[in-house]
2 protein chains.
Amino acid sequence: MPDQELQPAAPKPRRRQARGERRAAQLLDAAATVFTQAGYAGASTNAIAREAGVSPGTLYQFFPNKEAIAVELGGRLLEQWRTSYGEALSAENIRLPLSEMVDAVVDPLLEFNVQNPAFHVLMHGPDTPGQVTDAFEAFHGAVLQRIEELLALYLPDTPRSEITIVANTVLGLFKAGLDLLAVHQDEQEAYRVELKRVLFRYLDPVIGDCVLPDQA
Amino acid sequence: MPDQELQPAAPKPRRRQARGERRAAQLLDAAATVFTQAGYAGASTNAIAREAGVSPGTLYQFFPNKEAIAVELGGRLLEQWRTSYGEALSAENIRLPLSEMVDAVVDPLLEFNVQNPAFHVLMHGPDTPGQVTDAFEAFHGAVLQRIEELLALYLPDTPRSEITIVANTVLGLFKAGLDLLAVHQDEQEAYRVELKRVLFRYLDPVIGDCVLPDQA
DNA sequence: GACAAATGCGAGCGGTCGCTCGCATTCTGG
DNA sequence: CCAGAATGCGAGCGACCGCTCGCATTTGTC
């Protein structure tokens, strides 16, 4: 048997017309809306189809089941994240003063999350299907590693386990800021400032007066 | 018409034997377990009954519907909170140095939440019934007011709106700490320390070197 | 022991949900 | 223009859920 099909079960050689692509995207948009309003479990596929203005049968023309909708939506969000804001955590901002670095990192991340509330819902919903959870957790881990690398540059002598704790704490504080922004949708600006203050004051004693190694 | 029944629709003059009280408590414990594992919507009444080792019919002998289970459980948790830990935010700790005050406030609150995970689930679940949400929000508001009063003592000249923002931020940081404890169930101690560090560093510049008014 | 109330059971009712299926309509390639 | 594929519909199936109901058993009271 020659290696004619090495890809493990080529996902879907289904051919799609432009109309189909539009419908699929439209259904994902509708799913994002309904997931945001009702959570994953609370969102019925019929409601998603209704929101998209199509019949339930049409929905299942493009997605084999409800979980696949969440998986695709999650993938699209992660993709969007990487292409649009993945640079926020890059090494570009390393040599900025701490307060400016916090600005440079927090602002785009907040922006993305405010404009894509489904991201937060899928990431933290108690009923999100495992496959989506896994993808988000991989992403979560990648972000954590980024933060750890940044911190490690400032703290070369600190054991990695402590840096991991600081990184997780920073990420947790960011999520807390997201919740505050969501709850107090008026006054978003005030809480954005407050989140930055929290992060600055938390990190300042840790890395504020570290002397960075000279440019490599 | 004399005032024979001034209480608005006396809830349930149903008489209960000791066995019934035990069953009800047992069902509430089972509900706490199932709610914690599956969330409110994901918890089926049959699953709660099964967890308690009784039949669905028996469950409905003691609770008129699923929502009432959550309401009673929420009430029991709030009651437990008030009688056991309600003093943590009292004025007793006001005159302590900031770091000790953070200890005195955070430790009992964390303890309660770690031992009653259903509290967090019901409070933040996207599908918790409105009546429970209302009760929790009333509680939430009371806690906020407590924190605001504490802060106002340190900052008599700061406008109330700013104090509100700081209080909400403090509460949000505490919730973030809860999440971190829940995710990293090993290393709870490390994250407990880290949460206190965050709170201390956030609050120290605000109230750390304030001179409190003399004893009243 | 007798009687009523309280407690206990579990099959099953009505409803919703995820999803299917048969069939009509629209698009694409030749 | 036509054959076949892609797209679209919506009634309805099977499963599960919240909850009920008729009836059996246990408990408290006299």
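Here is the naming used below: chain letters follow the sequence lines, and residue numbers restart at 1 for every chain.
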Shortest side-chain distance from B:T45, nucleotide among C:dG18, C:dG8, D:dC19: D:dC19
B:N116 and its side chain to side chain contact (heavy atoms under 4.5 Å, CB included) partner, picked from B:L77, B:L122, B:L73: B:L77
Minimum-distance nucleotide to A:S44 side chain [options: D:dG8, C:dG18, D:dC19]: C:dG18
Sugar-phosphate only, base, or nothing, as touched by A:A24 at under 4.0 Å among non-hydrogen atoms: nothing
A:R19 side chain, from C-beta outward: closest of D:dT20, C:dG8, C:dT26: C:dT26
Distance in angstrom units between B:E67 CD and D:dC19 C1', rounded: 14 Å
Euclidean distance, atom OH of residue B:Y40 to atom P of D:dC17 [Å, nearest integer]: 14 Å
Sugar-phosphate only, base, or nothing, as touched by A:A43 at under 4.0 Å among non-hydrogen atoms: sugar-phosphate
Length of the CG-P vector between B:N46 and C:dC13, whole Å: 15 Å
Stepwise side-chain contact (heavy atoms from CB on, under 4.5 Å) test for A:Y202 and A:V166: CA-CA 10 Å; A:Y202 174 58; A:V166 174; 3.9 Å; yes
Heavy-atom pair with the smallest gap, counting every atom of A:L180 and B:T169: CD1-CA, 3.8 Å
Atom-to-atom span, CZ of B:R23 to P of D:dT27 - whole angstrom: 11 Å
Interatomic distance where CG belongs to A:N65 and P belongs to D:dG14 [whole Å]: 20 Å
Length of the CD-P vector between A:E21 and C:dC27, whole Å: 16 Å
Sugar-phosphate only, base, or nothing, as touched by A:G57 at under 4.0 Å among non-hydrogen atoms: base
Close aromatic pair by centroid cut-off 6.0 Å: A:F139 and A:F119: yes
Phosphate OP1/OP2 of C:dC9 contacted by B:T58 side-chain N/O (<4.0 Å): yes
Of the listed nucleotides C:dG10, D:dT7, C:dC19, the one nearest the side chain of A:Q61: D:dT7
Rounded distance in Å - NZ (A:K66) to C1' (D:dC16): 13 Å
B:L27 CG to C:dT7 C1', straight-line distance once rounded to whole Å: 12 Å
Per A:Y60 side chain, nearest of listed nucleotides C:dT20, C:dT7, D:dG18: C:dT20
B:K66 to B:Y60 six-membered ring, cation-pi geometry met (6.0 Å, 45°): no
